[in-house]
Structures are given as C-alpha cells and as structure tokens.
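Worksheet: one structure, shown below.
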Amino acid sequence: MVSLRRLKPFIAGALGMFIAGLGHLYLRRWRRAIAWMALVILVGELFFSPETVAFLDSTVSQGPPFVADQAPSSPVVLEELLLVSFVIVASALDAVLVGLRTLRAEDAAAAGEGDDGPSDAEATWNCPNCGKAVEEEMEFCPWCAERIDSRTDADG
C-alpha cells in the first residue's frame with residue numbers, strides 16, 4: 001500500500017492544475033506559490049487583449065466554460081488562453097518536481113540517520129508546552145501555537 005506521504009507530490013500537481021501555485025501552497029513553499037500566481041497574473045495583464053477579456057467575461061456570465069455556444073471568436077483569443085494554460089501546466093509540473101525532490105531529501109535524511117550520519121535530533125527538538133517535535137529555528141510551535149523562548153528552555 002502506498003503511503004499518503006508518497007502521493008504528496010502528485011496531489012500538489014493536481015492542485016496546481018486548478019490554480020497556479022496551489023500545489024506549492026500545499027507543499028508549504030510560500031514564496032514559490034506567490035511567484036507562480038504572480039506570473040499568471042502578469043501574463044494575463046501583459047498578453048490579454050480586450051477581446052480575450054470580453055470573451056472571459058461573457059464565458060463567466062453565461063455558465064460553464066467552453067461549451068459550443070461560447071467558442072472564441074478569433075485565433076488570437078485561443079493563443080492567449082493557450083499561453084496562460086501553458087503557465088498553469090508548468091506550475092503544476094514544478095509542484096510535482098519540488099514535491100519529489102523534497103520526498104527524496106526526506107528519504108535520504110531518514111536513511112542517513114541510522115549510520116552515524118547527521119541526525120534530525122540536531123535540527124529538531126520537542127516543544128516544552130505540547131511535547132511535539134519542533135524545528136530549531138521556529139519561534140512558535142506549529143502544533144500548540146505557544147511561543148518558544150530558546151532551545152535550552154525546551155531541553156531543561
């Protein structure tokens with residue numbers, strides 16, 4: 001049986017197909033998500049003609065997109081929509097690749113833990129309030145939202 005952790009990159013890719021950057025948000029890659037969302041907006045602002053904007057407005061007001069009655073009136077509209085679609089697909093593909101790279105790094109760290117390699121004990125420690133694992137550089141516990149003063153307070 002496949003663990004949910006192994007499916008995470010592909011879930012991120014599927015989310016990225018709906019909204020550019022949504023897969024990156026799922027992977028907690030905030031800056032990358034914002035960059036992809038901004039790129040889609042920028043491409044729309046720079047390359048959409050008034051004709052494409054009018055087509056999108058009429059499509060939204062008439063119901064589901066791309067039914068027979070709402071075909072684009074010119075090839076320019078199709079080209080502009082294809083450009084934005086390409087950016088969205090690239091975002092989804094990037095989300096899958098980032099997720100796979102993260103998964104491989106986690107697997108390598110787990111494998112290196114048992115053979116005198118660097119352990120996660122140096123990078124994480126337990127919250128003094130709830131007792132769950134917290135990364136060393138965090139100021140607040142992501143589990144109980146309590147402020148963490150310093151590592152020495154948690155160890156002592």
Side-chain angles (χ1 to χ4, degrees), residues 1-48 52-53 55-67 80-156:
M1 181 171 205
V2 177
S3 71
L4 185 60
R5 187 176 81 81
R6 296 251 176 240
L7 293 176
K8 201 170 188 177
F10 303 105
I11 293 170
L15 289 171
M17 289 299 290
F18 290 108
I19 299 174
L22 189 59
H24 295 90
L25 287 176
Y26 176 71
L27 295 172
R28 296 183 179 187
R29 304 285 191 228
W30 315 117
R31 282 183 247 156
R32 207 172 190 120
I34 291 169
W36 278 108
M37 289 177 185
L39 181 63
V40 169
I41 293 169
L42 184 67
V43 165
E45 288 292 322
L46 292 177
F47 295 105
F48 276 11
T52 303
V53 173
F55 169 72
L56 290 173
D57 285 341
S58 69
T59 300
V60 170
S61 65
Q62 291 178 8
F66 304 112
V67 294
E80 293 169 354
L81 292 175
L82 185 64
L83 178 63
V84 170
S85 299
F86 175 75
V87 173
I88 291 171
V89 169
S91 167
L93 181 62
D94 183 57
V96 170
L97 294 175
V98 167
L100 288 173
R101 187 173 54 227
T102 303
L103 192 61
R104 269 191 239 123
E106 290 171 357
D107 288 346
E113 190 174 294
D115 59 354
D116 294 337
S119 68
D120 284 344
E122 297 151 4
T124 62
W125 48 282
N126 293 335
C127 172
N129 301 306
C130 67
K132 293 190 179 180
V134 179
E135 292 179 15
E136 188 172 346
E137 67 272 359
M138 298 186 102
E139 293 181 28
F140 291 90
C141 175
W143 305 105
C144 66
E146 292 293 325
R147 185 171 186 81
I148 301 169
D149 293 328
S150 69
R151 183 176 176 174
T152 56
D153 291 345
D155 291 338

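- The side chain to side chain donor-acceptor pair (under 3.5 Å) check on E106 picks up R5, with sequence neighbours excluded.
- Looking at residues two or more places apart in sequence or on another chain, you find a side-chain contact (heavy atoms from CB on, under 4.5 Å) between L100 and P9, F10, V96, R104.
- Under the rule for a side-chain contact (heavy atoms from CB on, under 4.5 Å), the partners of L39 that lie at least two apart in sequence or sit in another chain are W36, V43, V87.
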Before you tell me yes or no, could you show the steps for M17 and V89 under side chain to side chain contact (heavy atoms under 4.5 Å, CB included), namely the whole-Å CA-CA distance, both residues' side-chain angles and the distance that decides it to 0.1 Å? CA-CA 6 Å; M17 289 299 290; V89 169; 3.8 Å; yes

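- Applying the salt bridge (charged side-chain N to carboxylate O under 4.0 Å, His left out) test to residues at least two apart or on different chains, the pairs with a partner in residues 13-41 are R32-D94.
- Smallest separation of non-hydrogen atoms from C130 and C141: SG-SG, 3.6 Å.
- When every heavy atom of A92 is checked against every heavy atom of G16, the shortest pair comes out as CB-C, 3.8 Å.
- Between atom CG of residue L103 and atom CZ of residue R6 there is a gap of 4.5 Å, rounded to the nearest 0.5 Å.
- Listed by first and then second residue, the salt bridge (charged side-chain N to carboxylate O under 4.0 Å, His left out) pairs involving residues 11-20 amount to none (not counting sequence neighbours).
- Remark: N129 pairs with no residue by the side chain to side chain donor-acceptor pair (under 3.5 Å) rule, at least two apart or across chains.
- Take E45 and apply the salt bridge (charged side-chain N to carboxylate O under 4.0 Å, His left out) test, not counting sequence neighbours, and it matches no residue.
- With sequence neighbours excluded, no residue satisfies side-chain contact (heavy atoms from CB on, under 4.5 Å) with I34.
- Between V84 and F48 the shortest side-chain heavy-atom distance falls below 4.5 Å.
- L22 contributes atom CG, which lies 6.0 Å from atom CE of M37 (distance to the nearest 0.5 angstrom).
- Applying the side-chain contact (heavy atoms from CB on, under 4.5 Å) test to A20 and every residue at least two apart in sequence or in another chain returns V40, I88, S91.
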